[in-house]
Amino acid sequence: MLRSTSSYLKLSKAKQPNVIIFFCDNLGYGDIEPFGSKVNRTPNLNQMVKEGRKFTSFYVTAGVCTPSRASIMTGCYSQRVGMHLNPRDGYVIRPISPYGLNPNEITVAEVLKGKGYKTGLIGKWHLGDQTPFLPPAQGFDYFFGIPYSDDMTQDVGQRLGDRYDGYRWPALPLMLNNKVIEAGVDRNLLTKRYTEKALEFINENKESPFFLYLPQAMPGSTKTPFSSDAFRGKSNGGLWGDSVEELDWSIGQIMKELVRLGIDRNTLLIFTSDNGAPMTEDSSSIEIGTNKPLFGRGYTTAEGAFRVPAIMWWPGTIPGGTVCTEFVTTMDVLPTLAALSGAKIPNGRIIDGYNNRSVIVGKKGAKSPYKVFYYYNADQLQAVKSGPWKLFVPLKSFVQHPHFKKGEGEKPLLFNVEEDISSAYNLAEKYPEIVIRLMDLAEKGREDLGDTDRPGANQRPPGKVDNPVPVVL
């Protein structure tokens, strides 16, 4: 339903805070020390938790890149804004796609820019590589980065051939605003270069409120993540661990610079991931990340795909050394930042997220406003969550599923994902009344957001252009 904007309109009496979102690519729940890693060294994230707040029930809205990124930008499920699936690309947008985030959508960057913020995006976009869909057309004053995933290279395109127009894929482009400045960028240097550019952006805009979206490319979508010479071969976690430890260095550089400039107490820094780690078939391996103790791998509707590590740091506002177990999602970013900046949330459209400021800053007694949350695999509703309960709905068929094999799936699975963090015990037969209640919520989700071969009543279309062209020098 369309929520009233009245709860979001209270102007902040404090100075508008700067905001930095450090958004990793495929970082797993168990890949960093604050969330249980015994292999990867992350001293700066440890310090961030000591001085900030750890979120153990922080969720994204998809197990893959594009739909997850659409949600953090718009405050909506990707199914709401048409970024969950398209006939040309499938689950994620690929190079030279005619599709992208509809320019009619209002991004968090546009909301904050309307309140005087300087807005920058440094890193991976992945919401369309054609000019009407690129960051400068979506509210960002500055863009330095790649328009899609680091694994979508010219070599990969050649192997794909006619599939996804692979023969036409260009060398991986590094862009400055709408212009390609390098073709075939060195991926080993991306984390380092993005960090340097982030520090420049912070310094250039330290006198005015700024919003920096920093979607790092690593650990990324390849089986051999990239890192600079200072980190390659230095971790105990292989190439994945090398990239994770460089990300930790990066967040440390940003925190130190905020303190040096004296603006740390007026800056909200959010660290999280776009979805869980892909993992190998051997669940004990950490070769391409781990989501343990959660169940399942990224790219699915498992808890390990949707529930991600998250830390927030805002000295003097967020209490240090605290843990939040309340349910928070990336869809809350837009309405929460709107409230913090004194902006209005977009009118005339459904926004699925909430102003979750009270929960984020640790206000005594604050509770998550969520009554229901949906887990989609592209256009198929597979699970629904309400309170501690997660129900995998019965399915006659599916493309992939974290719990069912082909030919299975016609019986419900019910997990208490707060008490049973590894989704080990199916309680559907023990609590049939909870199954019925969540099945009713699932049907409401289908009516609103759709399901396989069933349009939802409140879905909006993606953007589309005719005759897309490769992004080249």
Side-chain angles (χ1 to χ4, degrees), residues 18-25 65-66 69-70 72-73 93-97 99-101 103 107-110 112-113 117-154 157 168-218 220-221 226-228 246-247 250-251 253-254 257 274 463 465 468-473:
N18 306 311
V19 180
I20 302 173
I21 300 175
F22 193 108
F23 208 48
C24 302
D25 190 4
C65 298
T66 292
R69 291 159 195 269
I72 200 169
M73 283 291 100
I93 290 180
R94 304 174 197 271
I96 330 173
S97 176
Y99 294 97
L101 181 63
T107 68
V108 61
E110 289 172 307
L112 295 179
K113 189 174 180 177
Y117 277 68
K118 300 295 183 182
T119 57
L121 192 163
I122 297 169
K124 170 183 168 180
W125 175 235
H126 212 179
L127 293 174
D129 68 357
Q130 301 302 292
T131 300
F133 310 137
L134 286 170
Q138 304 279 9
F140 289 97
D141 300 316
Y142 176 80
F143 170 48
F144 178 89
I146 56 177
Y148 34 73
S149 280
D150 70 294
D151 63 334
M152 295 179 178
T153 62
Q154 192 170 47
R168 298 178 63 209
W169 286 14
L172 188 65
L174 179 68
M175 304 186 73
L176 178 61
N177 298 321
N178 287 334
K179 182 179 180 181
V180 177
I181 56 175
E182 291 179 27
V185 63
D186 185 347
R187 288 175 283 177
N188 282 313
L189 298 177
L190 283 179
T191 300
K192 182 175 184 290
R193 293 179 71 181
Y194 288 163
T195 305
E196 292 168 349
K197 289 295 182 182
L199 297 178
E200 288 179 11
F201 181 87
I202 291 167
N203 274 272
E204 289 170 2
N205 296 288
K206 62 182 182 292
E207 300 298 334
S208 61
F210 65 79
F211 170 58
L212 174 59
Y213 176 45
L214 182 55
Q216 290 276 10
M218 297 302 138
S221 304
F226 299 88
S227 55
S228 66
E246 187 164 24
L247 290 171
S250 177
I251 196 80
Q253 293 295 298
I254 291 168
E257 190 66 3
D274 66 341
V465 299
V469 296
V471 179
V472 295
L473 274 170

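Worth saying up front: this structure is predicted, and the values here are computed from it rather than measured.
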If we only count heavy atoms from C-beta on, is the [X] to [Y] side-chain gap below 4.5 Å?
{"X": "I20", "Y": "I202", "value": "yes"}
{"X": "I72", "Y": "Y213", "value": "yes"}
{"X": "F144", "Y": "E196", "value": "no"}
{"X": "I21", "Y": "F211", "value": "yes"}
{"X": "S221", "Y": "D25", "value": "yes"}
{"X": "N188", "Y": "S228", "value": "no"}

Name the residue from L121, I251, I254 that meets the side chain to side chain contact (heavy atoms under 4.5 Å, CB included) definition with L214.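 With L214 as partner, L121, I251, I254 yield a single side chain to side chain contact (heavy atoms under 4.5 Å, CB included), made by I254.
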Among I146, V180, I181, find the residue that satisfies the side chain to side chain contact (heavy atoms under 4.5 Å, CB included) test when tested with M175.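 With M175 as partner, I146, V180, I181 yield a single side chain to side chain contact (heavy atoms under 4.5 Å, CB included), made by V180.
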Where do [X] and [Y] come nearest, in terms of heavy atoms and distance?
{"X": "N205", "Y": "F210", "value": "O-CD2, 3.5 Å"}
{"X": "D150", "Y": "G220", "value": "OD1-CA, 3.9 Å"}
{"X": "L212", "Y": "I122", "value": "CD1-CD1, 3.8 Å"}
{"X": "Y194", "Y": "G145", "value": "OH-CA, 3.7 Å"}
{"X": "P173", "Y": "Y148", "value": "CD-OH, 3.3 Å"}
{"X": "G120", "Y": "F201", "value": "N-CZ, 3.5 Å"}

If we ignore hydrogens and angles and just use 3.5 Å, is the side chain of [X] paired with the main-chain N or O of [Y] as donor and acceptor?
{"X": "S250", "Y": "E246", "value": "no"}
{"X": "N177", "Y": "F143", "value": "yes"}
{"X": "W169", "Y": "R94", "value": "no"}
{"X": "T66", "Y": "H126", "value": "yes"}

side-chain hydrogen bond (donor to acceptor under 3.5 Å, both in side chains) with E257: which residues, sequence neighbours excluded?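 Applying side-chain hydrogen bond (donor to acceptor under 3.5 Å, both in side chains) to E257 gives N203, R260.
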Interatomic spacing from [atom1] in [X] to [atom2] in [Y] - rounded to 0.5 Å:
{"X": "S227", "Y": "L189", "atom1": "OG", "atom2": "CG", "result": "10.0 Å"}
{"X": "M73", "Y": "L101", "atom1": "CE", "atom2": "CG", "result": "9.0 Å"}
{"X": "T195", "Y": "Q216", "atom1": "OG1", "atom2": "CD", "result": "5.0 Å"}
{"X": "L127", "Y": "C65", "atom1": "CG", "atom2": "SG", "result": "10.0 Å"}

Salt bridge (Lys or Arg N to Asp or Glu O under 4.0 Å) involving [X] - partner list, sequence neighbours excluded:
{"X": "K118", "answer": "none"}
{"X": "R193", "answer": "E182"}
{"X": "E204", "answer": "none"}
{"X": "D129", "answer": "none"}

Intermediate values then yes/no, salt bridge (Lys or Arg N to Asp or Glu O under 4.0 Å), D151 and R187: CA-CA 10 Å; D151 63 334; R187 288 175 283 177; over 6 Å; no
Applying side chain to side chain donor-acceptor pair (under 3.5 Å) as the test, list every pair that has at least one member in residues 130-145; sequence neighbours left out. K113-D141, T119-D141
